[in-house]
Each structure stands twice: as C-alpha cells, then as structure tokens.
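Every number for a ligand or one of its atoms is a count from 1 in the order of the listing. Residues: numbered from 1 along the sequence shown.
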Amino acid sequence: MLMSGGTESERASFSGRIGFVIAAAASAVGLGNLWRFPYLTSHYGGGIFVVVYIIMALTFGFSLMAAEIAIGRKTGRSCTRAFRDLSEKHGWIGALAGIVPVLIVPYYCVIGGWVFKWFAESASGGLSVLASDGGGFWWDYITGGAEGLGDPFVWFGLFALMCTVCIAAGVEKGIEKMSKILMPALLAMIVIITAYELTLPGIWDGVAFYLNPDVSKLSMGTFLGATSQIFYSMSLAMGIMITYGSYMRKEDSIEKSVRNISMIDTVVAILAGLLIVPSAFMFGFGDSQSMGLMFVSLPQVFAQMPGGSIVAPVFYLMVLFAAMTSAISLLEAAVSGFVDRFGSGRRKSLAVSALVVAGLGALCILGFGPLMTDLAPFDQGAGWLGIFDTVTNSLLMPIVAILTCAFIGYVIKTEPIEDEVEACGNGFRSKGLFRIMIRYVCPICLLAILVFGLADMFGLFSVY
Ligand code: PHE
C-alpha cells in the first residue's frame, strides 16, 4: 500500500477523494475480478450467481467496506493496531485479519505467474500453443506435462520478484499512479474483445447462461461462493481497507468513496464475466468448476479473432498489471503486518514475507506435480492452491468478517463508526442499512454460511 513506509507520526494522506478511490480500486481490481469471478459464476450456475453477487456486493460488501475504512480513518492505524486502539482486549481480531494476506499472496503470485506466461507466450507468437488441445494446454502446463514444472516456477518467481522489488524500491506509488491510465485501458480492451465475441455464431447460448438467472440453480453454495468472492474481490476481511482508510483525509466522504470503489470493482467483474463465461460455455466448459477457465477459452477466441495475435498479448499485459497492483498491495499488507506485530524493520519483514511467498508458492506449484495429494473436498480440485484459496476465502475471511461486525455492532457499537463516516459533513445516507447489516444481517448470514459450508466440507450434510 502506498505510503505505509512512513512512521505513524508522519502518516501521509491521499491527495483527495479521487486519489483514494483510484488507489483502493487498484488494489481491489485484480485476479479476483478477472480470474476468480468468471470461474465461480460458471460453476455456480451462471446468471443466478451474478444476481446474488450483485445484491451481496451492494449490501454486505458496501457495509463491510465502509466499516473497515472508517475504523482505519478513525484510529489512523493499520489493521493490527487499529482494533487494539479501539479496545485493548480485541487486538487479536486485527492480528487474525493480518494472517489472511500472508496466506493469499503466495498463491496469488502463482496465478500471476500463469498470466505472465500467457502474456509471454502470446507475445512470442505462441497463441496457437495456448489454444491447443481444445483448452487442455492449461492443465498440461500447470501439471508439468507440457513444459515441466520448472517453467511455472520461473514465471511465478518473476512475478513475485517484481512485486518484491517494487516494494523494496518504494515505487508502489508510481505503479498505482499508472492505474489511472491502465485500468480504463483494461476495461476498454474487455469491451472490445467482448464486442467481437458477440459476433461469433453460437455465443448467445453462453450469454443467456451468464445473464439469465435460473432460480433452480440457487443453493447454499451460491451464497457461500458469492460471499467468499465479495471478500476476495473487494479486498475485505483482511485489514487492507483499514490501512487504506488510515490514509484518508477527514474531509473526504467515506460513503461516496465506498460506492465508487465497489461500483468499479463490480463493473469490472461483471464485464470480465461477460468476456469469459459465454465463450467458455461455447467451447464446452459450460459449468466447469475449473480454476483455469480464464486460461482455456480466451486463447481460442483470440486464435479466431482478426488481429488476435496482437490483441492477446496486450490483453494479458493489462491483466498482468492489474494482478501486480493487487499483489503488491497484498504483499505490502503482509509486510506491514509483520512490522506492526513483531516490531521488526521493514527490510527484514519484506525478506520474511518473500520467503513465505517462495515457500508456500512452491508448495502450490508442486501440488500440481509430485506433491499432488487428494485433498478433496477442501481443495476445489486444485490441490494445495485450492486449499489456500478455501482456507482464506471460505473460512478465515468469513470468521474475520463476523468478528468485525460483532466488534462494531456490540463492543464499540455502531455510533462511533457512523460518526466517522459523517465526519466529512455530508451525512450518511445509508446509515439505517449499515446499522442493520452490521448488527444483524451480516453476522447472522455469515455465520449460517460458514456453518453450512463447514458441514458440507466435512460431509455432515450437503447443502448444494
Ligand atoms: N481484490 C484483489 C483482486 O480482486 C485481491 C486482493 C485482495 C488484493 C486483498 C489486495 C488485497 O484480485
């Protein structure tokens, strides 16, 4: 996160609301929107998942993001210390939230490595390789069947190294500034490629699958998937928005900012879904639960597209950039978590974080090779990478979110947080919604989702 290198006393702020919104949106828009949202939508029945996701983003997502940013701005602290400042006895909630980025960033970098590979391959004339085998290349590649496991290691290493170097050199700020240009450019690319796709014969069944909600496909799983996706995509329940809030100026509106950030994040996700899900459907990956969705159908679209060999690398480059800004903010959160928690210097904390990324990232890659073990049903068919994804998104994040709601709703009460939102002098239009969500709806629903999810994982009873 930019500027967190300074000490608390010299804490800088964003230059204004727009600066704040862009920085937070750069953290939020990433692989969550482009990689995770489309494959979950495909897995959970298309349109119905999109509807549930939008409703939850506007209610759960909005309230939690407002709460986190307000906690950050009120205390002027990053996650670990913010909770302790508000209540001496509850610092552990912040510490728990601080663990999440440490567990996400390694596997995020593995997927970032795949994007890197897809960029490099398509840029060097290898689009047909990526599109080969009817989309089977991705699985061959990650399991080492195509080019050995050394290759995924190289691209993962490069991706992680670039993020580490950016933080070590303190250039995160410059990188996030580039988002001002590259985020709209990415959106424009998505729209152009989608417009082309819509001319393909056979695509419209896929569009109907994506946009037509089929209520018979609604299950507890839809809610579990959508909730985990909201946390992941909006960078919630891991302390990140608390830290961002700590750099926000008092006179800027939290409510408007949260509206903008969640709107940008949701629009990018929905457009990315429109880009990927119908084409995957058309190429026969319809309700595939595969994490590889983004890597299997798009190369085939590019292979048919006039000028596809140029469009493909440009597109993957932009995805790479979006992934990198998010990975940097995750890594930065892990680093400042170590600094806050153990009082270690930034350099040492960065070195430790990099080691954790290398170790756990290697575990994820080898989990598709020699360390492949049957970790079902917890791994979504993706070995150790799936385990990290499930443990963070379906377990730790709901727990942190429930604790955050309970903490605000019943320990410090919602008033101080509402006051913080109102501090800019513009009032708080959604105060009623916020209060009901934080005190009742979020904790109760999240608890139910968590319990059902766990019961299903352990095979106690199925809810899907
Ligand atoms: N929200 C990011 C994404 O959608 C992931 C992320 C989570 C980034 C948390 C930073 C912090 O890819």
Side-chain angles (χ1 to χ4, degrees), residues 1-2 4 21-41 53 57 61 64-65 68-69 72 78-79 97-115 159-160 163 166-167 172 175-176 179 182-183 186-187 190 225-245 258 261-273 276 291 294 318-337 353 357 385 388-389 391-394 396-398 400-401 404:
M1 218 150 312
L2 52 159
S4 53
V21 167
I22 288 176
S27 157
V29 172
L31 293 173
N33 314 59
L34 299 153
W35 157 74
R36 204 170 186 275
F37 179 80
Y39 95 75
L40 285 187
T41 303
Y53 181 83
L64 272 170
M65 191 184 278
E68 291 197 8
I69 292 178
S78 52
C79 157
I99 297 174
V100 179
V102 181
L103 293 180
I104 291 190
V105 72
Y107 87 84
Y108 202 93
C109 289
V110 172
I111 300 161
W114 300 344
V115 177
F159 184 90
C163 297
C166 282
I167 292 180
E172 307 99 290
I175 299 275
E176 291 199 3
S179 304
L182 286 169
M183 231 177 347
L186 172 66
L187 262 185
I190 293 178
T227 324
S228 78
Q229 178 59 16
I230 294 223
F231 296 140
Y232 190 96
S233 187
M234 296 173 80
S235 309
L236 297 174
M238 52 184 113
I240 297 215
M241 286 299 158
I242 296 183
T243 311
Y244 270 89
V258 173
I261 301 164
S262 47
M263 189 70 81
I264 295 174
D265 190 65
T266 308
V267 166
V268 176
I270 290 181
L271 287 178
I276 294 170
M291 289 192 166
M294 174 184 168
M318 283 174 188
V319 177
L320 185 64
F321 182 82
M324 210 160 261
T325 51
S326 295
I328 288 173
S329 89
L330 274 167
L331 186 59
E332 177 65 51
V335 173
S336 45
S353 307
V357 171
L385 193 152
F388 286 113
D389 191 79
V391 166
T392 48
N393 297 296
S394 301
L396 277 177
M397 282 143 99
V400 170
T404 308

Applying side-chain contact (heavy atoms from CB on, under 4.5 Å) to Leu31 and Val115, what does each step give before you reach the verdict? CA-CA 10 Å; Leu31 293 173; Val115 177; 4.0 Å; yes
closest protein heavy atom to atom 1 (N) of ligand 1 is Tyr232 O, 2.8 Å
Best match, Ala327, Ser329, Ala322: closest heavy atom to atom 10 (C) of ligand 1: Ser329
Checking the side chain of Glu68 only, and the main-chain atoms of Ala237 only, is there a donor and an acceptor separated by less than 3.5 Å? yes
Is it the case that ligand 1 has an N or O less than 3.5 angstrom from some N or O of Val29? no
If you scan protein heavy atoms around atom 3 (C) of ligand 1, the nearest is Ala28 O, 3.2 Å
Considering distance alone, does some N or O of Ser233 sit under 3.5 Å from an N or O of ligand 1? yes
With respect to Cys166, which candidate in Ile328, Leu331, Thr325 satisfies the side-chain contact (heavy atoms from CB on, under 4.5 Å) definition? Ile328
Checking heavy atoms under 4.0 Å, the part of Met238 that sits near ligand 1 is side chain
Test of proximity, Asp265 against ligand 1: N or O pairs below 3.5 Å: no
Heavy-atom contact check, 4.0 Å cutoff: does Trp35 meet ligand 1? no
How far is atom 12 (O) of ligand 1 from the closest protein heavy atom, and which atom is that? Tyr108 OH, 2.6 Å
Could you give me the CA-CA distance, side-chain angles and deciding distance for Trp35 and Val319, then say whether side-chain contact (heavy atoms from CB on, under 4.5 Å) is met? CA-CA 9 Å; Trp35 157 74; Val319 177; over 6 Å; no
For Ile240, counting its heavy atoms only, list the atoms of ligand 1 lying under 4.0 Å from any of them. 9 (C), 10 (C), 11 (C)
Please write down residue, atom name and distance for the protein heavy atom closest to atom 6 (C) of ligand 1. Ser235 OG, 3.7 Å
Using atom types as modelled and distance alone, determine if a side-chain donor or acceptor of Thr392 lies under 3.5 Å from a backbone N or O of Asp389. yes
Could an N or O of ligand 1 be found under 3.5 Å from any N or O of Gly32, whether backbone or side chain? yes
Would you please classify the geometry between the Tyr107 ring and the Tyr232 ring as parallel, tilted or perpendicular, with 30° and 60° separating the classes? tilted
Below 4.5 Å, heavy atoms only, C-beta onward: do Thr227 and Pro398 meet side chain to side chain? no
Would you say that Leu385 contacts Ile111 through its side chain, given a criterion of any heavy-atom pair below 4.5 Å between the two side chains? yes
Under 4.0 Å to a heavy atom of Asn33 - the qualifying atoms of ligand 1, by number: 4 (O)
Nearest heavy atom to atom 8 (C) of ligand 1: which of Ala323, Ser27, Gly112 does it belong to? Ser27
For the backbone of Ser27 and the side chain of Ser326, can you confirm whether one donor and one acceptor N or O come within less than 3.5 Å of each other? yes
